[in-house]
Amino acid sequence: MPVNAGPEFMEAELEYQRATTPEERLLGLKKMLKTAPKHKGSEKLLAEIKKKIAKILEQQERVKQIAKRAGRASAGIKKEGAARVCIIGATNTGKSSLLAKITNSKARISEYPYTTTEPEIGVLDYIGIKVQVVEIPAIIQDFIETDSGSYFVSLMKESSLLIVLYRNEEERKLVRSELRKMRLSVPTIELSQQEAKERSQDVPWKIWKNLGLIKVYTKQPRKPKEFPPVSLGKGATIRDLATKIHKDFVQKFKHARVFGSSVKFPGQQVGLGHVLADDDVVELYTKD
Ligand SMILES: Nc1nc2c(ncn2[C@@H]2O[C@H](COP(=O)(O)OP(=O)(O)O)[C@@H](O)[C@H]2O)c(=O)[nH]1
Ligand SMILES: [Mg+2]
């Protein structure tokens, strides 16, 4: 405490001490600088405050640059299938094990930490719908600032869902805090290693439910529904379905018959604007 510090300074210092984010810390420090006594005896204090401010600004600039690079990085991995899902977590949390269980991937599973240094990719087949699953190397403190951090973050940014694996609260908190720093807006589900192991058969369903997609089957009149189903975004219409099947379909479209929860009765006739629901079965009729 410097000599002659007024109540305003003490308040600012308290604000700084209670701050939980760099932005709040910066605000507190700036107030401290403004309200600190300015005389010979406080020079050291002023220098210290300025140094702390500079450090935060530098850190903020670094994070900004990294985020920029991450955004630009054209991820070397091509996005394939209906969606991309990333498995993330601290080291040895069973990411490779889960990837191997739910996809065709032969990722290396090892008791040694940091075995996975490159993203591992597998394809999950959910009732014929292909979902790309990417294992991101272990999340560590300040992950975004590691050598390939921005590249991995760009892979995560371009995914539809993140699965966080953890063994204990500490690992769960670490990943949460690193995710906050990455400023992603990707839906996230957390799974304990135990859940992932004991209920691995439920994981594909859980992934599908959290992707925000629907699956729709097509069929010919008087024939059974066809596999695989077509994946569409929530709120998709008959027009979206027709476009996805064939670009000419919309021009030739006459009407459709729908069986499923989006219609009042099975086989109801609908037009291009009709909004589909998960598991609908659709017959498309064209003017030929
Ligand atoms: N006890 C236990 N060990 C597991 C489980 N899942 C994976 N392991 C082991 O933990 C180690 C790391 O697994 P791995 O899948 O490579 O983890 P990763 O580093 O997150 O990819 C291996 O020795 C696995 O056999 C689990 O559910 N329970
Ligand atoms: Mg691994």
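Whatever order the structure lists them in is the order used to number ligands and atoms, beginning at 1. Computed from a predicted structure; not experimentally measured.
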Please write down residue, atom name and distance for the protein heavy atom closest to [atom].
{"atom": "atom 18 (P) of ligand 1", "answer": "Lys95 N, 3.5 Å"}
{"atom": "atom 4 (C) of ligand 1", "answer": "Gln193 NE2, 3.5 Å"}
{"atom": "atom 25 (O) of ligand 1", "answer": "Ile109 CG2, 4.1 Å"}
{"atom": "atom 17 (O) of ligand 1", "answer": "Gly94 N, 3.1 Å"}
{"atom": "atom 11 (C) of ligand 1", "answer": "Ser110 O, 3.4 Å"}
{"atom": "atom 19 (O) of ligand 1", "answer": "Asn92 N, 2.9 Å"}

Sub-4.0 Å protein heavy atom next to atom 9 (C) of ligand 1
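No, no protein heavy atom sits under 4.0 Å from atom 9 (C) of ligand 1.
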Heavy atoms only: give me the nearest Thr237-Gly273 pair and the separation to one decimal.
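What the structure gives for the nearest pair is CG2-O, 3.5 Å.
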Taking every non-hydrogen atom, the tightest pair across Val263 and Gln268:
CB-OE1, 3.4 Å
Under a heavy-atom criterion of less than 4.0 Å, does Glu135 contact ligand 1?
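Glu135 counts as a contact of ligand 1 under the 4.0 Å cut-off.
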Given Phe227 and Tyr217, is the ring pair (Phe, Tyr, Trp, His ring centres under 6.0 Å) satisfied, shown in steps?
CA-CA 7 Å; Phe227 283 87; Tyr217 299 85; 5.3 Å; yes
Is Asn92 close enough that one of its N/O/S atoms sits under 2.8 Å from the Mg ion (ligand 2)?
no
Backbone or side-chain N/O/S of Glu135 under 2.8 Å of the Mg ion (ligand 2)
yes
Between [X] and [Y], does at least one N-O distance fall below 4.0 Å, as a salt bridge requires?
{"X": "Asp142", "Y": "Lys181", "answer": "yes"}
{"X": "Glu48", "Y": "Lys51", "answer": "no"}
{"X": "Lys40", "Y": "Glu43", "answer": "yes"}

May I ask you to decide if Ser261's main-chain N or O and Asp280's side chain share a donor-acceptor pair within less than 3.5 Å?
yes
Is it the case that the side chain of Gln193 and the backbone of Thr93 share a donor-acceptor pair, with hydrogens and angles ignored and the cut-off at 3.5 Å?
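Judged by distance alone, yes, a pair lies under 3.5 Å.
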What atoms in ligand 1 come closer than 4.0 Å to a heavy atom of Ser97?
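It comes down to these atoms of ligand 1: 6 (N), 7 (C), 13 (O), 14 (P), 15 (O).
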Under a 4.5 Å cut-off applied to non-hydrogen side-chain atoms, are Val282 and Val270 in contact?
no
Side chain, backbone, both or neither: which part of Lys197 comes within less than 4.0 Å of ligand 1 when only heavy atoms are counted?
side chain
Does any N or O of ligand 1 fall below 3.5 Å from an N or O anywhere on Thr93, backbone included?
yes
